[in-house]
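I have placed the structure first, in the form of structure tokens, so that the comments after it can refer back to it.
Here is the naming used below: chain letters follow the sequence lines, and residue numbers restart at 1 for every chain.
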Amino acid sequence: MWSEGDYRVTAASPIFEVEDASLAFGGNRALDSVSFNMVAGELLGLIGPNGSGKTTLLNAVGSIYPLSDGKISFERQRIDSLSMHEVTRAGIGRMFQAPRIFPHMTCMENLLAAGFAVREDAESREDLIHRGEELLTSLTIDRFRDTVAGSMSGGQRMLLQFARTLMLRPRLLLLDEPFGGVHPKLIEVMLERIRTLHEDGLTIIMVSHDLPTIMGLSQRIIALANGKLIADGTPAEVREDPVVIDAYLGG
Amino acid sequence: MDVYVLSQIVNGLIFGLIYGLIALGLTIIFGIMRVVNFAHGEFLMLGGYALYLFTVTLGLHPLIGLPLSMASVAAFGVLTERVLLRPIYTTRIERPEEYAIILTFGLSLFLQNGALATAGAYEYTPNSFWSGSVPVIGDLWLSGDRLFAAAMAVVLILATLLVMYRTWLGRALMATAQSRVGATVSGINAIGMNMTAVALAGLLAGAAGALLSPIFLVYPDVGVVPVVKAFVILVLGGMGSIPGAVIAALILGLVESLGSVYISLAYKDVYSFLVLIAVLLIRPYGLFGQKERRA
């Protein structure tokens, strides 16, 4: 039987596909045949206990670790054999739990480094600076425009990393614990920005241990445990799933 | 000031500039790849032999031989990166730094003995860039080759600074030096930056070797002493700091020549280490090394 929901899902072709992705470090299977698809504009929450493979999955998508088996495609292009910067240029923006900023550059220079690498032909340096200023303002760190990034606090660095990632105009955004160690006020700023990006149709995968936040934000949640995908559904479904409850409480 | 002291100061600055070329390359390789290139002195040596090959064997004009020598050493550097160093970044080997140390040490020995085996233990004299002497200040005369070496070193150092601070390529190199992963998620090809860094360092070391060769001749271990000085400069200026390398090089050149004037010529190679020890006691991160806030 065709329900309206089924029809919608089959009609929108997936923008991002993970198919039987496996990744082994020695004998340890950090990812074990993980498969899922995403349609454009989806905001997917990725949860799981420590060591369940969340960050490893993001690293596999970003080509930081090569897959042992399986494939990952974005916009119908295989990305699992690309090198890291090619994944970035293919439209995938990645944020790390520990911000990977350029510490001896100012905030603006951080943004320009990323902006230049993926700039369009018609974009001038002034255009990039202008866009960088808008991003810094929208993330409330515009007063640090000419501050050396290494002198900023952890939370401010996270916001800078966010701004730098958005400078790339990603079409898929990977957020790894974006709220870790960030002041509640700054978390509000990030949440607001993530909501806006989602409303604008950006496809987002977010990893967080902050279950209330991620459940409130995401349309769909997938849960990992021991490298396996154990649940995939709406926040309400996943929250009630006995396997997930068992993985969290039993693990 | 008598002519002798003046000549020592001028000579010190000239040496400082040449040290600067060598140290800049070392700094760039270290900053971007985290590899201490122990074969850097042999890059210098290759520059000298290349100039001999181009000017004497092939009979080209030295002004054509210089860029060709620089390009040859750069090409050799790129080959080294591609064949020997790249596995550090593309495969998951344990202890990549140690691997690189042993590898570049081995390469250094291989090149020195390779030169000994092919060119022999003789000194080769490439053609002069500028033969004869010129009056500089008052009674102070300098050989044309020294002046030419100093002038070219200034040009090349300024060109390097221009590339590093005023071009997109320089920004990308510095970004890679500050965070490799951060650079790749910003769309910068970090492996490509490794190759660029080694090529740039090869150009500079090749230039230093070629510029020195008409003055001090070329032989298999010609690079050994200069590269030790460059290591001192690297630490003195702050590991990976580009302005630090240039300024520390000039300081070292001056300290060496003034120490020779006022203390003793016999200890010329010791003064640099005394300065190094003093700086490390007061500023362990070097003159321009930056302390970083830990967030």
Return the [atom1] to [atom2] distance between [X] and [Y], rounded to the nearest 0.5 Å.
| X | Y | atom1 | atom2 | result |
| --- | --- | --- | --- | --- |
| A/R89 | B/N189 | CZ | CG | 6.5 Å |
| B/L169 | A/F116 | CG | CZ | 12.0 Å |
| A/M105 | B/Q178 | CE | CD | 4.5 Å |

Practice prompt. Select one option (side chain, backbone, both, neither) describing which atoms of B/A172 are under 4.5 Å from chain A's heavy atoms.
Written response: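 Neither part.
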Worksheet item: Considering only heavy atoms, which portion of B/A183 lies under 4.5 Å from any heavy atom of chain A: side chain, backbone, both, or neither?
Response: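 For B/A183, heavy atoms of backbone and side chain both lie under 4.5 Å from chain A.
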Fill in: Passing candidate, side-chain contact (heavy atoms from CB on, under 4.5 Å) with B/S186, options A/M167, A/R94, A/R164
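Exactly one option meets the side-chain contact (heavy atoms from CB on, under 4.5 Å) with B/S186, and it is A/R164.
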Worksheet item: Given that the side chain runs from C-beta out, which part of A/L168 has a heavy atom under 4.5 Å from chain B: side chain, backbone, both or neither?
Response: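 It is the side chain, since no backbone atom gets that close.
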Worksheet entry | Closest-packed option against chain A by number of heavy-atom pairs under 4.5 Å, given B/I188, B/I191, B/V185 |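 Among the listed options, the one with the most contacts to chain A is B/V185.
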Worksheet item: What option among A/Q161, A/R125, A/R100 has the most heavy-atom pairs under 4.5 Å with chain B?
Response: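 Among A/Q161, A/R125, A/R100, the one with the most close pairs to chain B is A/R100.
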For atom [atom1] of [X], decide whether the heavy atoms of other residues, nucleotides or ligands shown that lie under 6.0 angstrom number more than 12.
| X | atom1 | value |
| --- | --- | --- |
| A/D142 | CG | yes |
| A/H209 | NE2 | yes |
| A/R78 | CZ | yes |
| B/F110 | CZ | no |

Discussion item. Taking the side chain as everything from C-beta on, heavy atoms only, tell me whether A/E109 gets closer than 4.5 Å to B/R171.
Written reply: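 Yes; the side chains approach each other to less than 4.5 Å.
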